[in-house]
Amino acid sequence: MTPDLPICRLLNGLWQVSGAHGPIDRQAAIQDMLAYHDAGFTTWDLADHYGPAEDFIGEFRRRLAAEGGVEALTRVQAFTKWVPEPGRMTRAIVEENIKVSLRRMGVDRLDLLQFHWWDYADRGYLDALTHLAALRDEGKIRHVALTNFDTEHLKIIVEQGIRVVSNQVQYSLIDRRPEVRMSQFCQAHDIQLLTYGTVAGGLLSARYLNQPEPSRSALTTASLRKYKQMIDAWGGWGLFQELLASLERIADKHHVSLATVAVRYILDRPSVGGVIVGTRLGVAEHRQESASVFSLALDAEDRAQIEAVLERGRDLYRLIGDCGDEYRR
Ligand SMILES: NC(=O)c1ccc[n+]([C@@H]2O[C@H](COP(=O)([O-])OP(=O)(O)OC[C@H]3O[C@@H](n4cnc5c(N)ncnc54)[C@H](OP(=O)(O)O)[C@@H]3O)[C@@H](O)[C@H]2O)c1
């Protein structure tokens, strides 16, 4: 990610423990976190509002230190978010919220604080980021980052001289909005993209190949429901099946899974620092399959086959707007 913050480029996403994706057993979840860590998946993506996610990091770190010594903690990276309600952003308010995350996660310094803002008409985001940058300089945060900012407002932040190292955005074979403006801007300013939705809640996997269009009630997680809507906007189930079929042919050729091809394609895009894949801790896991992404190399023919389907999809930038526009109030 940065020289002082090496990461696993496949990050474990913890929105899946929030309750919106089914119940999670706390003990089984912590045990599973240790298994992810042992398998080399050492980087976690979470947020202050993902239910117990920050507390899970705290408990996981305590278990890891008890079992492997405090040395083991140096290999963990935990990236949280702060998603405040709009309003005045004083130093005291910002600091108070950061303190809560520090306490819950059991750390002296946050590795990465990803800041979200609901309303660009309220310029309080610049105050909040200025205070976050000061807290970084004082050692409470290693790096300041963003989530769901569009290119226009990312540019304003950069022009204010506020250093941010990454922006977390939706980016997948279905949702390629970052390629319109964001990615180029990030390349020019040494900002990395951390991507979510890259396996579309699991829809971009062999599970859905040659399957009839799922009804809303068959979509059992918040994530599946969210990305099914993206597929509908992009081109519908018929075109999506063509994409899955094309990915499956490529996956067969390389002896990997369909989902692995979908992840590798995005990992290879300019400015992408890492792909976040949601983990339903203690319920389901894809560790071995996910690890194959690091040895997979897609060739020009693979990419051409994928792009031949993608070019028939609708332009989501025109339909929805730039990155994160669906989150503006
Ligand atoms: N900044 C934001 O606004 C924002 C928004 C959304 C998400 N996020 C972050 O991104 C993370 C990912 O969330 P997401 O909603 O985008 O979900 P996702 O990663 O697109 O989907 C996660 C689901 O995909 C399935 N899956 C993963 N690997 C698979 C594989 N190899 N084969 C088949 N299925 C596979 C799993 O389903 P099963 O569990 O059923 O196996 C898993 O629960 C979140 O946890 C969060 O950290 C951030």
Side-chain angles (χ1 to χ4, degrees), residues 10-24 29 32-33 36 41 43-54 56-57 77-83 112-118 145-150 166-175 178 193-209 211 214 218-231 244 247-248 251 256-264 266-267 274-293 296 323-328:
L10 209 59
L11 293 86
N12 313 311
L14 291 186
W15 182 34
Q16 278 65 18
V17 306
S18 67
H21 311 256
I24 297 288
D32 219 11
M33 290 177 83
Y36 274 93
F41 297 103
T43 312
W44 302 87
D45 179 74
L46 55 148
D48 57 341
H49 65 290
Y50 290 176
E54 289 190 337
F56 278 14
I57 290 291
Q77 306 87 39
F79 298 170
T80 195
K81 305 186 190 82
W82 182 36
V83 183
L112 192 77
L113 189 278
Q114 304 166 99
F115 176 70
H116 174 95
W117 193 247
W118 294 106
L146 303 170
T147 179
N148 291 318
F149 269 77
D150 67 6
S166 59
N167 187 20
Q168 183 179 135
V169 295
Q170 186 177 155
Y171 195 177
S172 70
L173 291 167
I174 300 298
D175 184 359
L193 295 175
L194 295 179
T195 75
Y196 63 84
T198 309
V199 294
L203 290 162
L204 272 164
S205 76
R207 239 183 239 173
Y208 288 89
L209 175 65
Q211 295 301 310
L219 300 170
T220 50
T221 68
S223 191
L224 285 167
R225 290 189 287 276
K226 176 185 171 98
Y227 300 117
K228 172 63 168 53
Q229 285 180 346
M230 296 303 290
I231 290 168
L244 291 184
L247 293 173
E248 180 69 355
V256 295
S257 75
L258 191 165
T260 303
V261 176
V263 170
R264 185 74 245 180
I266 298 299
L267 260 186
V275 169
I276 307 164
V277 177
T279 52
R280 286 201 296 158
L281 294 173
V283 177
E285 61 90 9
H286 306 270
R287 280 188 288 273
Q288 208 178 351
E289 190 186 320
S290 299
S292 63
V293 79
L296 171 62
C323 299
D325 277 6
E326 64 275 33
Y327 288 105
R328 300 281 93 73

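First listed ligand is number 1; within each ligand, the first listed atom is number 1. Here the structure is a predicted model, which means the values were calculated and not measured. Keep in mind that the numbers below use all heavy atoms, side chains included, and drop hydrogens, waters and symmetry copies.
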Could you please provide the protein residues found below 4.0 Å of ligand 1 on a heavy-atom basis, arranged by chain and number? Gly13, Leu14, Trp15, Gln16, Asp45, Tyr50, Lys81, Thr147, Asn148, Gln168, Tyr196, Gly197, Val199, Ala200, Gly201, Gly202, Ser205, Arg207, Ser223, Tyr227, Ala259, Ile276, Val277, Gly278, Arg280, Ala284, His286, Glu289, Tyr327
List for me each residue that meets side-chain hydrogen bond (donor to acceptor under 3.5 Å, both in side chains) alongside [X], sequence neighbours excluded, and say none if there are none.
X	answer
Trp82	Asn97
Ser172	none
Thr80	Glu54

From CG (Asp48) to CD (Gln114), nearest 0.5 Å: 11.0 Å
How far apart are the C-alpha atoms of Leu224 and Tyr208, what are their side-chain angles, what is the distance that settles it, and do they pass the side-chain contact (heavy atoms from CB on, under 4.5 Å) test? CA-CA 11 Å; Leu224 285 167; Tyr208 288 89; 3.8 Å; yes
Ring geometry between Tyr196 and Tyr327 (parallel below 30°, tilted from 30 to 60°, perpendicular above 60°): perpendicular
